[in-house]
Amino acid sequence: MIRSLFFHLATRRGWRALATAFGLGLLAALALPPVHAVPVLLLAVPGLLLMVGAAPGWKRAAVIGLFWGWGFFAGGLYWITYAILTEVDRFWWLVPIAVPALSLPLGLFVAAPAAVARLVRPGWPRLLVFAGAWVLSEMVRGVVFTGFPWNLIGSVWAFGALPLQAAAFIGVHGLSLATIILAGLPLLGRRAMAGGIAALAGFAALGVVRLWPEEPPPQPLHLLLVQGNVAQDVKWRADARVPIFQRYLELTAAGLRDIEAEAPGARVAVIWPESASPFRLAEDAEARAAAAQVLHERATLLAGAVTVEWGADQRPLHVFNSLVAMTPDGAVAGRYDKAHLVPFGEYMPLRGLLPIRIVQGGFDFTPGPGRVTMAPAGLPGFSPLICYEVIFSGAVVGAERPQWLLNVTNDAWFGHSAGPYQHLATARLRAVEEGLPVARAAQTGISAVFDARGREVASLALGAMGVVAAPLPAPAAPTFFARIGLALPALLALLAIVAGAVLARRGRPGGGR
């Protein structure tokens, strides 16, 4: 049955081949969070390689890869439509075209590996070259046009901590390399499949070894993540500002009372999500005074808020997406301004050249200076990551290593879709890669705390209103990936390409029974 299916895929021609490639890409998207149907890759990846091999040349192979990638990204990024629906009266015309229009150019990052793979013979050479080129393409995707490394194929393993432990050595890109190779093994016969099973067992054993030691005692700090569950279409309404602020104050007060009852005298970091405060806390003394009333003397507020710097003419000179630290007396103890802004969401690329403007409010945000370690009011030093700053592997820690990572985000844009789960998976991967606990406060969810090995300590579901309270887990020693960074997965990808090229030149058989 499998042989006949593979034969059918290899013999597709014309538009049917392109439609099949698109469908295989859609199928592969089911392996991503939150479905994590990883076995579908055992059909989707071999199917792509068979169709690439059947192409008359590398150009046609690139088109096959383009359509496969188009389907993969369309299936993985369908939730972008939810962001458009928050202003459907203005952008209704974008609803049917936004996801296809974004996914098609992203498909180029599959087209390139497909074209390169067509240049070598089938079997191990083609699989190794394709896997290595795939990883390098993923890494380029994380850089060009400010980068969009969303839904890296290695994230399919983020359904639990155990299968992620190899990321402490090779990062998510190394997991991507292993994933593509393992997924392509059905083309290479039973011995190759047996080797793949043994490799999976090795990864599992590594996970057990890393997770076996007892977790060290937590740091002397309790976290209180406040999830207001404010819908995006309500968030910036003038009549909703006071009720939203009051909701966050009430949730904070109740959460602090619960922590005090369970751990009297505990130091607490109260964390509000990205842009949770409808008032500009860094400038608004009255709003800070109201927040100070619900904080006790051992609590520090870390709140997402917009910050504006004014020009001499009292017009906004710079607008920042900020994390503001506030002490119990209402003083500002520190501020971080988001450095890696979202294209079309926080600024318009090619401003003045594009005929549309999607950014809310009629202004572009200004990027901050970059990665820092903050320790306001004597808190354990942390690296602040606002929204999708957490998705950039190897770029979440500055020159000074923090003791934890703090991700605040407004996933209300994504609605009740796969988007929040995919975002959560990236945060979990950063914990394993860096050996640092991660606290994640999301406007509508999913808020969570992960320890330094990626194990979930506490969480609050998508669409729930409430708080997440947990002691701050202890940091681990810097992982191998934390020391080496992206250099190792890049080297592994290059070695895979070289190995494939060498095997192709020597003319060795590509596998068999």
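Note that the structure is predicted; figures quoted are calculated from it, not measured.
- Although no hydrogens or angles enter the test, the distance criterion places a donor-acceptor pair under 3.5 Å between the side chain of Thr373 and the main chain of Glu400.
- Under a 3.5 Å cut-off, the side chain of Ser103 and the backbone N or O of Ala74 do form a donor-acceptor pair.
- Ion pairing between Asp451 and Arg455 holds under the 4.0 Å rule for side-chain N and carboxylate O.
- Relative orientation of the Phe414 and His423 rings is tilted, given thresholds of 30° and 60° on the angle between their planes.
- Under a 3.5 Å cut-off, the side chain of Gln422 and the backbone N or O of Asn151 do not form any donor-acceptor pair.
- Ring orientation note: the planes of Trp79 and Trp150 are tilted relative to one another, at an angle of 30° to 60°.
- Annotation for Thr307 and Ala282: closest pair OG1-CB, 4.0 Å, computed over non-hydrogen atoms.
- From Glu433, atom CD reaches atom CG of Leu175 across 8.0 Å, with rounding to the nearest 0.5 Å.
- Side chains of Asn321 and Val306 form no contact here, defined as non-hydrogen atoms less than 4.5 Å apart.
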* Asked: Can you check ring pair (Phe, Tyr, Trp, His ring centres under 6.0 Å) on Phe320 and Phe365, steps first, answer last?
  -> CA-CA 5 Å; Phe320 299 98; Phe365 283 92; 8.7 Å; no

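- Side-chain atoms of Gln227 come within 3.5 Å of backbone atoms of Ala464 as a donor-acceptor pair (strictly under, hydrogens ignored).
- For Glu389 (side chain) and Ala339 (main-chain N/O), a donor-acceptor pair under 3.5 Å exists by modelled atom type.
- The CG atom of Leu27 sits 12.0 Å away from atom CG of Leu48, with the distance rounded to the nearest 0.5 Å.
- Ring planes of Trp134 and Phe72: perpendicular class, angle over 60° (limits at 30 and 60°).
- Judged by distance alone, the side chain of Glu250 and the main-chain N or O of Phe245 form no donor-acceptor pair under 3.5 Å.
- Taking CG of Asn407 as the reference point, atom CG of Leu225 lies at 10.5 Å (rounded to 0.5 Å).
- The aromatic rings of His340 and Phe392 sit parallel to each other, their planes meeting at less than 30°, with 60° as the upper class boundary.
- Between the side chain of Ser447 and the backbone N or O of Ala442 there is at least one donor-acceptor pair closer than 3.5 Å.
- Across Val390 and Ala427, no two heavy atoms sit closer than the pair CG2-CA, 4.0 Å.
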* Arg440 and Asp411: CA distance, side-chain angles, deciding distance, salt bridge (charged side-chain N to carboxylate O under 4.0 Å, His left out) verdict -> CA-CA 11 Å; Arg440 183 176 191 271; Asp411 286 359; 2.7 Å; yes

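- Residue Arg430 holds its CZ atom at 12.0 Å from CG of Leu436, rounded to the nearest 0.5 Å.
- Scanning all heavy atoms of the two residues, the minimum distance from Thr252 to Val270 falls at CG2-CG1, 3.7 Å.
- In plain terms, the two heavy atoms of Pro489 and Val135 that are nearest each other are O-CG1, 4.3 Å.
- Atoms OG and CD, from Ser275 and Gln443 in turn, are 5.5 Å apart once rounded to the nearest 0.5 Å.
- The backbone N or O of Leu462 lies less than 3.5 Å from no partner atom in the side chain of Tyr421, so there is not a single donor-acceptor pair.
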* To do: Walk me through it: do Trp413 and Ile80 pass the test side-chain contact (heavy atoms from CB on, under 4.5 Å)?
  => CA-CA 8 Å; Trp413 287 104; Ile80 288 175; over 6 Å; no

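- In this pair, Phe148 and Tyr388 present their aromatic rings tilted. The plane angle is within the 30 to 60° band.
- Using modelled atom types, no side-chain atom of Glu138 and backbone atom of Leu152 make a donor-acceptor pair closer than 3.5 Å.
- Cation-pi check for Arg428 over Phe159 is not met; the charged atom does not lie both under 6.0 angstrom from the ring centroid and within 45 degrees of its normal.
- We find that Arg241 and Asp239 are not joined by a salt bridge, their nearest charged nitrogen and carboxylate oxygen being 4.0 Å or further apart.
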* Decide salt bridge (charged side-chain N to carboxylate O under 4.0 Å, His left out) for Glu260 and Arg257; before the verdict, give the C-alpha distance in whole Å, the side-chain angles of both, and the deciding distance to 0.1 Å. => CA-CA 5 Å; Glu260 184 65 19; Arg257 286 195 297 269; over 6 Å; no

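- Smallest separation of non-hydrogen atoms from His296 and Ala266: CE1-O, 4.0 Å.
- Residues Val449 and Pro437 fail the side-chain proximity criterion, which asks for heavy atoms closer than 4.5 Å.
- Of the possible donor and acceptor atoms, none in the side chain of Trp272 sits under 3.5 Å from a partner among the backbone N and O of Leu301.
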